[in-house]
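Read through the structure below, which is laid out as structure tokens, and then see the notes.
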Amino acid sequence: MKRMLSGIQPTGYLTIANYIGAIKQFIEIQKKYESFIFVADLHSLTVNPNPNHLRKKIRETVGLYLACGLNGKDTYIFNQSENIYHPMLSWALECNSYIGEMNRMTQFKEKSQKHITDGVTTGLFTYPVLMTADILIYDADIVPVGIDQKQHVELARNIAERFNHKYGNTFKIPVPLLPETGAKIMNLQDPTKKMSKTDENPKGNIYLLDELNIARKKIMSAITDSESIVKFDPINKPGISNLITIYSSLTNKSITIIEKEFENANYGVFKNKIADEVEILLKNIQTKYFNIIKDDTIEKVLDKGIERTTQIAKEKAYEVYHKLGVGRY
Ligand code: AQP
């Protein structure tokens, strides 16, 4: 069976952009592929989070994965830091990748600007290699991600190809999988930048755990334009185009159908319709989430996930170390 792998960092609060760009795809794919979804807690160390906050966020992320529809039976859900073979492989790959490659990562350029005052860590620079290890260690066939992570999956492909060429066939070459709609959901208050869970202004983000009336208010006050024509035109009408994308992803209606449906409607009417869809989604997720966190479901799912993923990862990490000539494997 082919394999799917992906993960999300437990930083900030998960947003509807993380849902549309990533989680929705995980759920659609989990029945067709052997699926591995992790909480990227090691990646979140790159920006020095508060330890108590991080501990809470890890559980919250797993709870939200399950509440969104990931199934602990079909999918192995695990915590990245509990699988010691990821950093073990990462080190081997760091020694087979180049500073020039890291310098080209646009996420590093953006995030290092964001964290310039509190210090840019070495981890932020090298974490794309850890992400490469996360993917290659499972011989993943596909990696569902939003557009901002596509470049990192391409790096993983390059590193895998180079390693295979140098040391013999070792890794499968992974393919990034982007959603047809919603690979880059934009900020509601500034539709020229992407919605991001660690953004400082909460008004630009819809969080999966937002109170329903707050989420509605955020949609109703989303920045649009003065035309009041529901038309998809990301260059000239980025705000309304972003709302169309969100609506399209949540209803599975095409953009053409949506433009037709709202051709005589003003923005207020359209926004109310989107807010209804967002409310349905959040209510469903939140009802499940608050049930899931009541008992030990999260622990059981993580225990099962780490058991299986450790077996697979250990084998690949030792295979690589053997090929590199280190240790006595
Ligand atoms: N705006 C977005 N539109 C569509 N997909 C998105 N993703 C993130 N933002 C959008 C996808 O969600 C997953 C989260 O990956 P991550 O936690 O490793 O961090 P990220 O890509 O840096 O996402 P954020 O929300 O911007 O997090 P912070 O604020 O922590 O940096 C990925 O599949 C991503 O593509």
Side-chain angles (χ1 to χ4, degrees), residues 4-29 36-50 53-54 57-58 60-62 64-65 68 70 79-80 86 105-115 120-121 123-124 127-128 130-132 134-135 140 142-156 174-202 204-209 222 234 238 241-246 248-250:
M4 176 252 284
L5 172 121
S6 198
I8 295 184
Q9 296 182 56
T11 44
Y13 293 85
L14 286 194
T15 68
I16 198 166
N18 300 129
Y19 174 79
I20 291 174
I23 300 173
K24 191 166 175 260
Q25 295 204 90
F26 305 165
I27 292 153
E28 285 161 4
I29 295 164
F36 303 89
I37 300 295
F38 63 101
V39 179
D41 56 351
L42 289 180
H43 289 203
S44 61
L45 292 182
T46 55
V47 293
N48 277 319
N50 171 291
H53 185 68
L54 181 57
K57 288 282 139 197
I58 291 169
E60 189 179 291
T61 305
V62 180
L64 281 171
Y65 279 161
C68 286
L70 271 184
N79 230 342
Q80 182 191 25
H86 288 227
M105 295 297 115
T106 51
Q107 268 238 343
F108 173 71
K109 288 179 197 158
E110 284 164 19
K111 289 200 174 175
S112 53
Q113 281 309 311
K114 209 163 150 186
H115 294 280
V120 178
T121 65
L124 191 62
Y127 103 86
L130 178 57
M131 181 165 160
T132 296
D134 300 331
I135 298 168
I142 56 163
V143 185
V145 284
I147 212 157
D148 63 331
Q149 291 292 341
K150 184 168 174 251
Q151 192 188 28
H152 290 159
V153 184
E154 280 159 359
L155 174 76
V175 176
L177 187 81
L178 270 59
E180 272 178 37
T181 309
K184 189 174 185 182
I185 299 295
M186 309 308 277
N187 185 291
L188 298 177
Q189 289 300 312
D190 177 359
T192 61
K193 69 174 190 185
K194 77 160 198 149
M195 190 183 284
S196 208
K197 59 178 132 59
T198 52
D199 198 280
E200 278 158 15
N201 180 5
N205 286 351
I206 304 274
Y207 302 110
L208 297 182
L209 291 177
S241 302
N242 188 38
L243 293 177
I244 293 175
T245 304
I246 294 173
S248 170
S249 173
L250 298 188

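When a ligand or atom number is given, it counts from 1 through the structure's own listing order. One is the number of the first residue; the rest follow in order along the sequence.
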Exercise for the section: Mind checking whether Thr11 contacts ligand 1 via backbone (N, CA, C, O), side chain (CB onward), both or neither, at a 4.0 Å heavy-atom cut-off? Expected result: side chain
Completion exercise
If you scan protein heavy atoms around atom 26 (O) of ligand 1, the nearest is Ser196 OG, 2.4 Å
Handout entry: Closest protein heavy atom to atom 21 (O) of ligand 1, given as residue, atom name and distance to 0.1 Å
Key = Asp148 OD2, 2.5 Å
Exercise for the section: Could you tell me the residue and atom name of the protein heavy atom closest to atom 18 (O) of ligand 1, and the distance to it rounded to 0.1 Å? Expected result: Gln9 NE2, 3.3 Å
Practice task
Would you mind reporting whether Ile20 and Thr245 have side-chain heavy atoms less than 4.5 Å apart?
Solution key: no
Exercise for the section: Looking only at non-hydrogen atoms, find the nearest pair between Pro176 and Val145 and report the distance. Expected result: CB-CG2, 4.5 Å
Handout entry: Intermediate values then yes/no, side chain to side chain contact (heavy atoms under 4.5 Å, CB included), Asp41 and Thr61
Key = CA-CA 10 Å; Asp41 56 351; Thr61 305; over 6 Å; no
Practice task
Between Lys197 and ligand 1, find which residue part has any heavy-atom pair under 4.0 Å and reply side chain, backbone, both or neither.
Solution key: both
Practice task
Among all protein heavy atoms, pick the one closest to atom 32 (C) of ligand 1 and tell me residue, atom and distance.
Solution key: Gln149 CG, 3.8 Å
Fill in the blank from the handout: Sorted by chain and residue number, the ring-ring contact (aromatic ring centres under 6.0 Å, His included) partners of Phe36 (sequence neighbours excluded) come out as Tyr76, Tyr138
Handout entry: Atoms of ligand 1, numbered as shown, that sit under 4.0 Å from any heavy atom of Gly21
Key = 4 (C), 5 (N)
Practice task
Show your reasoning for whether side chain to side chain contact (heavy atoms under 4.5 Å, CB included) applies to Ser196 and Lys114.
Solution key: CA-CA 12 Å; Ser196 208; Lys114 209 163 150 186; 4.2 Å; yes
Practice task
For the residue pair Asp199 and Thr15, establish whether any side-chain heavy-atom pair is separated by less than 4.5 Å.
Solution key: no
Completion exercise
Filtering His43, Lys150, Lys111, Gln25 for the heavy atom nearest atom 31 (O) of ligand 1 leaves Lys111
Problem - Nearest heavy-atom neighbours spanning His43 and Asp134 - result: NE2-OD2, 2.9 Å
Exercise for the section: Determine, considering heavy atoms only, which of Ala183, Ser249, Gly146 sits nearest to atom 4 (C) of ligand 1. Expected result: Ala183
Exercise for the section: With heavy atoms under 4.0 Å as the rule, classify the contact between Ala22 and ligand 1 as side chain, backbone, both or neither. Expected result: side chain
Fill in the blank from the handout: In terms of its nearest heavy atom to atom 3 (N) of ligand 1, the top option of Asp199, Asn205, Ile185 is Ile185
Problem - Protein heavy atom at shortest distance from atom 8 (C) of ligand 1 - result: Asn18 ND2, 3.4 Å
Exercise for the section: State whether the shortest distance between N or O atoms of Met195 and N or O atoms of ligand 1 falls below 3.5 angstrom. Expected result: yes
Problem - Nearest-neighbour protein heavy atom for atom 6 (C) of ligand 1, which is reported as residue plus atom name and distance - result: Ala17 O, 3.7 Å
Fill in the blank from the handout: So for Gln107 against ligand 1, with non-hydrogen atoms under 4.0 Å, the contacting part is side chain
Practice task
Apply salt bridge (charged side-chain N to carboxylate O under 4.0 Å, His left out) to Asp148 and list each qualifying residue two or more places apart in sequence or on a separate chain.
Solution key: Lys194
Handout entry: For atom 9 (N) of ligand 1, closest protein heavy-atom neighbour
Key = Lys194 NZ, 3.1 Å
Handout entry: Identity and separation of the nearest protein heavy atom to atom 29 (O) of ligand 1
Key = Thr198 OG1, 2.4 Å
Fill in the blank from the handout: Output for pair (Phe108 CZ, Leu124 CG), nearest 0.5 Å, gives 5.5 Å
Problem - Flag for Lys57-Thr11: side-chain donor and acceptor within less than 3.5 Å - result: no
Completion exercise
Between His53 and Asn50, the two heavy atoms sitting closest are N-OD1, 2.9 Å
